[in-house]
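Presented below is the structure to which this report refers.
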Amino acid sequence: MASRYDRAITVFSPDGHLFQVEYAQEAVKKGSTAVGIRGTNIVVLGVEKKSVAKLQDERTVRKICALDDHVCMAFAGLTADARVVINRARVECQSHKLTVEDPVTVEYITRFIATLKQKYTQSNGRRPFGISALIVGFDDDGIPRLYQTDPSGTYHAWKANAIGRSAKTVREFLEKNYTEDAIANDSEAIKLAIRALLEVVQSGGKNIELAIIRRNQPLKMFSAKEIELQVNEIEKEKEEAEKKKSKKTT
Amino acid sequence: MAATFFGEVVRTPCRAGTEDEEEQEEGRRETPEDKEVRRQLARKREVRLFRRQTKTTLEVSLLEKHPCSKFIIAIGNNAVAFLSSFVMNSGAWEEVGCAKLWNEWCRTTDTAHLSPAEAFCVFYHLKSNPSVFGSCPRKNMQVTILTCRHVTDYKTSESTSSLHTPFLKALKTQNFKEPPFCSLLEQPNIVHDLPAAVLSYCQVWRIPAVLYLCYTDVMKLDLITVEAFKPVLSSRSLKCLVKNIPQSTEILKKLMTANEIQSNIYT
């Protein structure tokens, strides 16, 4: 039944599915994992870095991109689609700033991206964008925001979320471990993001990329050394927790 | 007969039969050329057994000489990676022979030099216990089949987003008495291709056999999918064959990095 209703994007199936949109969501699962966490004074984006070919310039393979000084996003899915969406969003951010003399709010730019994606689910001859995005930033009021969009053009605000391969496993980890204590300070929020990624990243800390935005500060990308430090700290804490547990049982 | 938009007249198939049946009969008769093409295709499609190291052909009777108590077959790259790292890594396995075949769906026209990625099957037996292999059905033989399938093929009334992939499902023959290590595959899901053929063969010949099917959303080589097969390590067939699980996990990780395909389409 699916094959008769999945060729043209504008056709609903008898039970109300838009198969092309659902297939686009499958394309998102082929991208590596990205996780976003909204702390009290910080927003964190962590991604699983894809291994780069020997002759490839690592700088050109980026999953975390700045849309403006105070907003950045991570995506999962088709690289080329992401590039198009990011370019349009960046232009919109500057156009908004020039027209209204105010930087965009995180919600505004998320809505723009989501509307763009939705248009492609309702035109004939076009396919939906095969990406989901996590958009983070601070508004002028100083409140941290995290939004997630998907190929259907829906967007929602989240406290913490994951997209891409094994997103479900990471989301379950976050549901168990996202507590007020866990995001009480910046370093705890960063550790939570790394711990969530370590659940699914295949080769540990060297395949993780992290970016943070603090209130009134620009985007900061963590270097490989800084991430390694964090991973080592997390492993120490894990060992100590296990030692305590084994002491308690004996 | 029917007329198309472009003004051509085409012959349409008709179940009722037509008066032109005789004409159709003539058309259906094979010319010697057709027969020759068919004969050459049949020769290309023959299954060949040979030894990879010496490239000499293997007689089927030679394989049948090896008695067998456990036959384990892994189909697909994740199942093969699981077997290579967890089972074949413990103990010395000797390659006995391999089978290759070609058909019209293969992407290459070269039937002589098929790569292991295309229609290849390698047979190994455990040096220390040669009864763990064989092709001839035998009493007390137990067959284990491991394979993967994409989760979108799994039919269920639940929403697919609520499924916890990867997950294992089992299907067994009537003679298989051991309880499987996961729930049985529910209707209307079916098994396809080679695993289905092996399981049907075992059911017909009353050989105890179990198929473990892993539904995953990552069909290429993936650590989490391969690790989903771990419960199978406690089965009677595999328990005695697996020695060092942490070492096997390390070998699996190396296999992953060695086989990583560089693709820039998805990030």
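Protein chains get the first letters and strands the later ones, always in sequence-line order, with residue 1 at the start of each. The model shown is predicted, which means the values in this text are computed figures rather than measured ones.
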Can you name the nearest heavy-atom pair linking A:Arg165 to B:Val218, along with the distance?
->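 Heavy atoms only, the tightest pair is CD-CG2, 3.6 Å.
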
Toward chain B, the part of [X] with a non-hydrogen atom under 4.5 Å:
X	result
A:Lys30	both
A:Ala34	neither
A:Glu26	side chain
A:Glu172	side chain

Please round to the nearest 0.5 Å and tell me the distance separating atom OG1 of A:Thr79 and atom OH of B:Tyr266.
->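 Here the interatomic distance stands at 9.0 Å.
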
Taking atom CG of B:Asp217 and atom NZ of A:Lys168, what is their separation to the nearest 0.5 Å?
->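 Going from the CG atom of B:Asp217 to the NZ atom of A:Lys168 covers 10.5 Å.
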
Check side-chain contact (heavy atoms from CB on, under 4.5 Å) between A:Lys238 and all other residues, then give those that pass, not counting sequence neighbours.
->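 A:Lys238 satisfies side-chain contact (heavy atoms from CB on, under 4.5 Å) with no other residue.
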
Salt bridge (Lys or Arg N to Asp or Glu O under 4.0 Å) involving A:Arg62 - partner list, sequence neighbours excluded |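 A:Arg62 satisfies salt bridge (Lys or Arg N to Asp or Glu O under 4.0 Å) with A:Glu209 once adjacent residues are dropped.
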
If you count heavy-atom pairs under 4.5 Å between each of A:Gly130, A:Gly77, A:Gly31 and chain B, which one has the most?
->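 Among the listed options, the one with the most contacts to chain B is A:Gly77.
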
Any donor-acceptor pair under 3.5 Å linking the side chain of A:Ser32 with the backbone of B:Thr267?
->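 No, A:Ser32 side chain to B:Thr267 backbone: no donor-acceptor pair under 3.5 Å.
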
Side chain to side chain, B:Asn264 and A:Gln56, heavy atoms closer than 4.5 Å |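 Yes, close enough: below the 4.5 Å cut-off.
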
